[in-house]
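Atoms considered below: every heavy atom in the structure, side chains included; atoms not considered: hydrogens, waters and symmetry mates. Bear in mind that the values here come from a model prediction, so they are computed numbers and not experimental data.
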Amino acid sequence: MDKVKKIAVVLNGFVHDFMTGYWLSALIAVRLLHGFRLEAPPVAGTLAQIERFFFWNSVGAAILIFATGGMRSFTYVDNFYGAETERTRRKMLVIKHVVLFVVIGGGSYWGYCTAFS
């Protein structure tokens with residue numbers, strides 16, 4: 001792998017991991033702002049706008065998570081650990097991504113319902 005390709009792989013992994021943390025942080029912000037909005041009716045409109053801002057940021061983060069995760073799948077080396085281990089590893093990756101898809105989908109749905117209620 002040439003130097004530029006190695007840098008791209010590392011940068012892609014960084015963006016993927018960073019956006020995952022950002023997605024979760026944005027949903028935490030939605031939750032906190034929603035609570036503040038219910039407790040402070042005089043500023044509820046302003047807090048609702050900020051809450052929706054963080055919700056839409058979480059949607060953008062989820063899109064980047066999926067995009068960079070898809071690119072990550074092309075960086076795995078075949079049979080690095082041996083054929084048996086690679087089969088198990090691929091199976092576990094599929095299971096992990098199904099679970100994470102459900103978590104991101106559920107979290108995003110919750111964020112939408114919370115931000116727009």
Side-chain angles (χ1 to χ4, degrees):
M1 209 186 283
D2 65 326
K3 188 175 182 176
V4 173
K5 195 171 183 180
K6 287 180 183 180
I7 291 170
V9 167
V10 171
L11 184 60
N12 182 72
F14 172 80
V15 170
H16 182 77
D17 294 342
F18 184 83
M19 284 297 112
T20 301
Y22 186 83
W23 174 81
L24 183 58
S25 297
L27 287 183
I28 290 169
V30 166
R31 171 65 188 100
L32 292 173
L33 288 165
H34 191 72
F36 296 148
R37 183 168 57 126
L38 297 175
E39 292 173 9
V43 293
T46 302
L47 291 175
Q49 287 178 328
I50 298 168
E51 190 177 348
R52 290 181 184 123
F53 169 81
F54 279 106
F55 167 73
W56 289 113
N57 273 261
S58 76
V59 170
I63 290 168
L64 282 171
I65 291 166
F66 289 128
T68 55
M71 287 186 269
R72 249 183 167 182
S73 65
F74 294 109
T75 63
Y76 290 117
V77 178
D78 286 332
N79 292 320
F80 184 77
Y81 298 106
E84 179 69 26
T85 304
E86 288 299 321
R87 277 192 295 280
T88 303
R89 184 170 148 238
R90 282 194 172 87
K91 189 185 306 182
M92 296 307 294
L93 281 170
V94 168
I95 292 168
K96 176 185 95 167
H97 284 98
V98 167
V99 169
L100 290 176
F101 186 77
V102 169
V103 168
I104 287 179
S108 296
Y109 176 74
W110 171 86
Y112 175 80
C113 291
T114 302
F116 291 94
S117 66

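Note on V102: it does not cluster hydrophobically with V94, by side-chain heavy-atom contacts below 4.5 Å among ILVMFWY residues. By the rule that hydrophobic residues join a cluster once side-chain heavy atoms approach within less than 4.5 Å of another member, F54 and L38 end up as members of separate clusters. Residues L100 and I95 do not share a hydrophobic cluster, defined by chaining ILVMFWY side chains whose heavy atoms lie under 4.5 Å apart. By the criterion of side-chain heavy atoms lying less than 4.5 angstrom apart, applied directly or through intervening Ile, Leu, Val, Met, Phe, Trp or Tyr residues, F18 is grouped together with V15 in one hydrophobic cluster. When the side chains of ILVMFWY residues are joined at heavy-atom separations under 4.5 Å, either directly or via intervening members, F53 and F116 end up in a single hydrophobic cluster.
Paired with M19 under the rule side chain to side chain contact (heavy atoms under 4.5 Å, CB included), one option of T68, I63, I65 passes, and it is I65.
A distance of 11.0 Å separates CG in L32 from CG in L27, rounded to the nearest 0.5 Å.
Side-chain atoms of S58 and F55, non-hydrogen and from C-beta on, do get closer than 4.5 Å to each other. The side-chain heavy atoms of T88 and E84, taken from C-beta on, include a pair separated by under 4.5 Å.
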Side chain to side chain contact (heavy atoms under 4.5 Å, CB included) between L33 and R37, worked out | CA-CA 6 Å; L33 288 165; R37 183 168 57 126; over 6 Å; no
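Remark: the H34 side chain and the R31 side chain contain no N/O donor-acceptor pair separated by less than 3.5 Å.
W23 and G107 get closest at one heavy-atom pair: CZ2-CA, 4.0 Å. Of all heavy-atom pairs spanning A62 and I104, the tightest one is CB-CG2, 4.0 Å.
In this structure, R52 contributes its side chain and A115 its backbone to a donor-acceptor pair below 3.5 Å. Judged by distance alone, with hydrogens and angles left aside, the side-chain atoms of H16 form no donor-acceptor pair with the main-chain N or O of N12 at under 3.5 Å. In this structure, S117 contributes its side chain and T114 its backbone to a donor-acceptor pair below 3.5 Å.
The number of heavy-atom neighbours closer than 6.0 Å to OH of Y112, taken from other residues, nucleotides and ligands shown, is 12 or below.
Taking the six-membered ring where tryptophan is involved, the planes of F66 and F101 are tilted, since the angle between them lies from 30° to 60°.
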